[in-house]
Amino acid sequence: MRIALVDVNNCYVSCERVFNPSLEGKPMVVLSNNDGCVVARSAEVKALGVPMGEPWFKIRHLARKHGIVAYSSNYALYADMSNRFMSVISTFTPNFEIYSIDECFLDLSGFPSGLTDYAQGIRKKVRQWVGLPVSIGIGSTKTLAKLANHVAKKRPEWNGVCDLSTLSPFEQEKLFAEIGVGEVWGVGRRLRESLNALGILTVKDLKHADSGRIRKRFSVVLERTVQELNGVPCLVLEAIAPNKQQIMSSRSFGQPIHSLQQLEESVTLYVARAAKKLRSQGSVAGGIQVHIRTNPFKPEDPQYSQGMIVPLAESTDDTLKLTRSALFGLKRIFRPGYAYAKAGIMLVEISPKGQEPVDLFADVETMQRRTNLMGVMDAINHRYGKNTVGPGICGIAERRAWSMKRGNKMPAYTTDWNELAIVRA
DNA sequence: GCTAAATTCAGAC
DNA sequence: CTAACGGTCTGAATTTAGC
């Protein structure tokens, strides 16, 4: 097996720079929803030691001092850039897995050797056609490809492409001994600490750890990681994305809200969003979970956090039915007198549509009409922009007190004609 | 004491 | 001037519930 991992460098930052090249070389970050945390950092900001996920207000002083530019995140833009990126990748091989918004695994088994040049060709084409810089790691398993990608990113001498098969076993061992075990895919902060305590400090240490002992002391998951480091594939490339088993939509509010009615508005909007995703993958949900909570970062305020799952009599993809169930649950868990910071819903027990047990008493005509209504609604929203039509209860966007804060969002150049018009004017 | 279901944990990005 | 901290998803492990 030969697997390549192609990964966009500093993805969101790079996307913004495509449309604003003057940002090139400047320290910049992209912030999460509500301008809360740093979710992407340029190389210049990483060099300043700003960690991933850092709350923006905590680095405000640093930002002022070094002139860090902060952008609100624009997920519509990133999704569009991601699609372009993936379609360029698809010109190289049909057999690839979209792993996340900014990375994909390519199965290059059976390709002629000398993959470094081939990978450089991929980099060049993505840069030319989409404008994004990528790094590429190549190895005999997914875990090794990931690791190689890390090397390609961190070590300039590799020039953005690291094919581990170009190293002798001796050179590979030497390299692995220089990399901390925490860089391995699947080893997070906690596992790193436990492994370190056992004297497993580097990738090399983990590679040579006794896999039976690892399984006993940790889990099958980590055992598989050890196998993969040794070139034994345990993870397969999933060219076809499996349907989601749960679909979640939740948001923190731009400001705390207190009334049931405002929570109802937000929950209604989240259900509409999730139900649309549900329909787009051709599924129905058997239950819906609702949750609300106050702000845990304000311990001086009275705290409340509650959720409940509302089972549905029969599985459905109908926004209105799902909304009714969600609002029923919301009423049950709502307690007055709290400053709510966040609400969300989750669709659960998801199964393919059309395989539900037949309900002999169902009103076929009403169901048919309802199905058509959902189809028309999705079509209108696609044609005229999202949120053109939807359940009335979610309120008019401009009047929602709870909407997200996005202080410095740039126009959605590629995805919204209205925003493009503003730029023209 | 078993199995199934629910919940928690850990990780990725 | 101050206060300000993301969102989705998976799969395994662990706990709990029901018998």
Side-chain angles (χ1 to χ4, degrees), chain A residues 5 7-13 29-41 50-61 63 70 72-75 78-79 82 97-105 142-143 146 149-150 153 181-195 215-225 234-235 238 241-256 270 273-274 277-278 281 286-287 289 291 293-301 307-309 311 339 341-350 404-407:
Chain A
L5 177 69
D7 190 320
V8 179
N9 303 340
N10 318 329
C11 181
Y12 300 165
V13 162
V29 296
V30 173
L31 302 176
S32 66
N33 283 335
N34 276 315
D35 295 342
C37 302
V38 172
V39 292
R41 305 154 294 160
V50 174
M52 179 67 167
E54 187 76 343
W56 171 234
F57 73 89
K58 284 191 181 172
I59 59 159
R60 213 43 202 277
H61 63 287
S72 304
S73 44
N74 181 353
Y75 288 103
Y78 312 145
S82 176
E97 170 186 339
I98 298 175
Y99 177 70
S100 74
I101 191 163
D102 75 328
E103 59 191 294
C104 56
F105 289 102
K142 281 179 153 186
T143 304
K146 269 263 184 193
N149 188 276
H150 168 80
K153 272 209 167 77
V181 71
E183 304 301 337
V184 174
W185 190 32
V187 178
R189 198 168 44 86
R190 292 180 76 127
L191 273 179
R192 186 192 64 217
E193 276 164 25
S194 309
L195 288 166
R215 179 181 193 141
K216 211 165 162 204
R217 175 74 175 70
F218 297 94
S219 66
V220 285
V221 181
L222 194 60
E223 186 199 15
R224 288 205 273 258
T225 297
C234 301
L235 306 171
E238 313 231 24
N243 282 344
K244 303 243 177 294
Q245 300 174 8
Q246 3 176 269
I247 295 172
M248 180 146 153
S249 178
S250 77
R251 286 287 181 287
S252 302
F253 305 125
Q255 56 189 72
Y270 304 153
R273 227 180 253 155
K277 258 195 212 171
L278 183 72
Q281 71 167 34
Q289 191 255 17
H291 54 96
R293 70 157 169 76
T294 50
N295 185 350
F297 297 104
K298 274 189 155 188
E300 67 274 19
D301 282 5
M308 88 175 265
I309 293 183
K342 181 178 177 178
I345 66 99
M346 181 161 71
L347 303 178
V348 298
E349 281 164 59
I350 291 175
M404 291 189 301
K405 279 185 289 201
R406 298 214 281 188

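Throughout, protein chains are lettered first and strands after them, A, B, ... in sequence-line order, and every chain is numbered starting at 1. Excluded from the calculations below are hydrogen atoms, water molecules and symmetry mates; all remaining heavy atoms, backbone and side chain alike, are included. These numbers come from a predicted model, not from an experiment.
In this structure, the nucleotide among B:dG11, C:dG6, C:dA3 sitting nearest to the side chain of A:Lys298 is C:dA3. Minimum atom distance to the side chain of A:Trp185 is reached by B:dA12, of the listed B:dA10, C:dT8, B:dA12. Of the candidates C:dC9, B:dA10, C:dC5, the closest approach to any side-chain atom of A:Lys244 belongs to C:dC9.
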(Q) Let's test your reading of the pairing rules: Watson-Crick or G-U wobble, both distances under 3.5 Å, then write DNA chain C as a dot-bracket string with ( ), [ ], | and dots. (A) ......|||||||||||||

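A:Leu31 comes within 4.0 angstrom of nothing in the nucleic acid, heavy atoms only. At a threshold of 4.0 angstrom between heavy atoms, the contacts of A:Trp56 with the nucleic acid are absent. Among the atoms of the strands shown, none is found under 4.0 Å from any heavy atom of A:Val30. A:Ile101 comes within 4.0 angstrom of no nucleic acid atom, judged by non-hydrogen atoms across all strands.
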Q: Sugar-phosphate atoms are those with a prime plus P, OP1 and OP2; base atoms are the rest. Using that split, label each nucleotide of nucleotides 11-19 of chain C B, S or - for protein heavy atoms under 4.0 Å, 5' to 3'.
A: SSS------

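A close approach under 4.0 Å does occur between a side-chain nitrogen or oxygen of A:Ser252 and OP1 or OP2 of C:dG6. At the phosphate of C:dG6, neither OP1 nor OP2 sits under 4.0 Å from any side-chain N or O atom of A:Lys342.
Counting only heavy atoms from C-beta outward, the side chains of A:Tyr99 and A:Asp7 never approach each other to under 4.5 Å.
Within a 6.0 Å sphere centred on CZ of A:Arg215, heavy atoms belonging to other residues, nucleotides or ligands number 12 at most.
Using a 4.0 Å cut-off between charged nitrogen and carboxylate oxygen, A:Lys142 and A:Glu97 count as a salt-bridge pair.
Comparing B:dG11 with C:dG6, their C1' atoms sit 16 Å apart, to the nearest whole Å.
Along DNA chain C, the nucleotide closest to A:Ile247 and the one closest to A:Met52 are compared, and the more 5′ of them pairs with A:Met52.
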